[in-house]
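Input: a single structure, listed below in structure tokens.
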Amino acid sequence: LSMGQFSSQNIENILAFSQRLKPYSGRGSKLSILEGITLKPLFFEPSTRTIDRHVSAMNTMGGDYNPPFDEKTSSMEKGEPEKDTIITAAQTADILVIRHPRPYAVHKFAELIDNLKNNSAFIINCGDGPNEHPTQALLDYYTVMEELGNLDNLIWLIVGDLQYGRPVHSHMYGIPKFSNNKIIGFPVGGLGLPEEYKPNSYEEFDFDQLSKVASEIDPKSKVVLYTTRIQFEREARKRDPDYDNYDELRKKQIRDEIYREFRYQIPLGLLNALPKRTKLLHPLPRGSEISDEIFLSNNNPKVAMIEQMRYGLQVTMGYFALFSGLEEMLHEPEKYLTRRPLALQRI
Ligand code: CP
């Protein structure tokens with residue numbers, strides 16, 4: 001539910017087992033580790049990556065999934081309460097992955113199903129409004145391990161929307177669990193980190209100070225430049241509580257207005273000026289902040305956003321098995337391989 005629930009050992013354990021699964025996360029690969037386990041995706045907010053990697057991880061690990069929840073075709077359209085929808089999903093699925101616009105809503109659903117008679121299902125938080133996105137933080141740590149070698153002695157420069165950015169909030173609980181990390185926030189347009197998430201020794205500067213602070217970093221440092229999109233839809237709801245009731249055209253006008261106000265971009269020159277051992281990460285989706293030139297650059301060693309997305313699959317496979325109590329099986333995944341990765345070639 002929260003990065004706050006993990007110790008550094010828990011995180012390292014998830015990352016180590018995820019790494020063991022790397023050879024089995026290729027396209028076409030199939031293991032039988034989660035055979036008999038069923039996933040239900042319940043996304044009450046849009047998603048591209050998170051829903052895909054959970055369904056794909058379940059497939060690769062040999063489990064099953066029920067159709068993703070869709071508000072328009074579910075009985076919520078007939079007035080069924082949300083909580084009944086969650087209880088219903090827990091009758092036929094073992095793992096419920098939930099994204100919801102209300103902060104802490106997923107915690108409440110977890111409490112609800114934990115208190116049900118004869119319930120064995122559990123819930124994974126895939127983003128609860130502007131509160132947290134802990135599974136994104138896990139895959140970010142995996143990326144940092146793969147790309148920079150460790151999770152200690154790092155400088156994290158966190159840029160963009162720190163007010164509503166839920167992976168950022170999870171990182172404020174996660175990064176300080178490792179040794180000697182420095183976290184510096186650079187909010188755009190005053191979207192600073194709320195007090196409740198501020199760890200000890202956190203520093204914050206306006207975005208326009210980023211180049212100056214970056215130029216003062218010891219070139220021998222390892223740096224994570226963690227960028228985030230501006231969450232226009234959440235700012236729009238704050239400015240106008242009726243936002244969700246407007247037609248699409250009006251909503252777009254409001255979003256465009258906010259977009260113009262908060263638009264920012266990471267200049268290539270800034271990335272070039274940062275220490276050699278810098279990785280640019282972004283939870284995605286991206287907005288104006290990451291240009292195509294940076295996102296699609298295949299040979300810039302500081303850019304790791306597509307790798308970050310790809311690592312998400314093996315991390316999700318890893319925590320599915322661990323959270324399901326199947327750690328033993330992860331010691332020798334080869335024993336559970338039912339289909340080798342396909343060696344597809346472009347013709
Ligand atoms: N990173 C992430 O949560 O992406 P989606 O919103 O596409 O799931």
Side-chain angles (χ1 to χ4, degrees), residues 1-3 14 18 25 39-59 65 67-71 95-106 123-144 146-147 156 158-175 191 197 224-237 244 255 259 266 279-290 294-295 303-320:
L1 296 176
S2 165
M3 267 329 280
I14 293 170
S18 301
S25 64
L39 173 77
K40 176 71 178 183
L42 292 131
F43 281 61
F44 296 85
E45 271 192 346
S47 167
T48 296
R49 273 148 291 273
T50 312
I51 194 164
D52 264 18
R53 72 179 158 86
H54 282 92
V55 171
S56 188
M58 193 46 88
N59 259 330
Y65 63 90
F69 165 79
D70 170 16
E71 194 158 350
I95 306 177
L96 278 48
V97 287
I98 306 185
R99 171 170 289 184
H100 197 279
R102 276 198 316 276
Y104 302 100
V106 184
I123 287 179
I124 297 176
N125 181 2
C126 288
D128 58 327
N131 179 36
E132 274 203 72
H133 192 348
T135 70
Q136 178 67 44
L138 288 174
L139 78 89
D140 295 341
Y141 300 145
Y142 185 89
T143 308
V144 173
E146 283 276 356
E147 300 285 326
W156 286 76
I158 303 194
V159 184
D161 183 347
L162 279 53
Q163 183 171 330
Y164 302 112
R166 52 195 173 196
V168 171
H169 301 160
S170 287
H171 281 311
M172 295 300 157
Y173 297 133
I175 298 167
L191 295 170
Y197 301 109
V224 181
L225 177 59
Y226 194 85
T227 50
T228 58
R229 77 176 179 98
I230 305 296
Q231 308 226 344
F232 309 104
E233 68 281 21
R234 298 196 201 284
E235 181 63 18
R237 281 183 200 116
D244 284 312
R255 281 200 306 271
Y259 180 84
I266 299 294
K279 290 292 165 185
L280 169 60
L281 304 187
H282 192 306
L284 302 172
R286 67 187 163 121
S288 63
E289 62 281 0
I290 304 291
I294 290 183
F295 186 68
V303 176
M305 288 170 284
I306 295 178
E307 288 80 357
Q308 182 186 5
M309 248 195 295
R310 202 172 52 234
Y311 295 142
L313 174 60
Q314 67 216 52
V315 174
T316 309
M317 289 163 64
Y319 66 66
F320 268 162

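Since the structure is predicted, the reported quantities are computational estimates derived from the model, not experimental observations. Atoms within each ligand, like the ligands themselves, are counted from 1 in listed order.
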Begin from the C-alpha positions of F320 and H54 and carry the test ring-ring contact (aromatic ring centres under 6.0 Å, His included) through to its verdict. CA-CA 9 Å; F320 268 162; H54 282 92; 5.6 Å; yes
Mind listing the N or O contacts between ligand 1 and protein, cut-off under 3.5 Å?
residue  : atom  : partner : partner atom : Å
ligand 1 : 1 (N) : Q136    : OE1          : 3.0
ligand 1 : 1 (N) : P283    : O            : 2.8
ligand 1 : 1 (N) : L284    : O            : 2.9
ligand 1 : 3 (O) : T50     : OG1          : 2.9
ligand 1 : 3 (O) : R99     : NH2          : 2.9
ligand 1 : 3 (O) : H133    : NE2          : 2.9
ligand 1 : 4 (O) : R49     : NE           : 3.1
ligand 1 : 4 (O) : L284    : O            : 3.3
ligand 1 : 6 (O) : R99     : NH1          : 2.9
ligand 1 : 7 (O) : T48     : N            : 2.8
ligand 1 : 7 (O) : R49     : N            : 3.0
ligand 1 : 7 (O) : R49     : NE           : 3.2
ligand 1 : 7 (O) : R49     : NH2          : 3.0
ligand 1 : 8 (O) : S47     : OG           : 2.7
ligand 1 : 8 (O) : T50     : N            : 3.0
ligand 1 : 8 (O) : T50     : OG1          : 2.6
ligand 1 : 8 (O) : R99     : NH1          : 3.4
ligand 1 : 8 (O) : R99     : NH2          : 3.4

Looking only at atom types and distance, does a side-chain atom of T228 sit under 3.5 Å from a main-chain N or O of D161, one as donor and one as acceptor? yes
Across all chains, not counting sequence neighbours, the ring pair (Phe, Tyr, Trp, His ring centres under 6.0 Å) partners of F295 are none
Does the plane of the ring in H171 sit parallel, tilted or perpendicular to the ring in Y141? Use 30° and 60° as the thresholds. perpendicular
So, H100 side chain and V106 main chain: donor-acceptor pair closer than 3.5 Å or not? no
More than 12 foreign heavy atoms under 6.0 Å from CZ of F232: is that the case here? yes
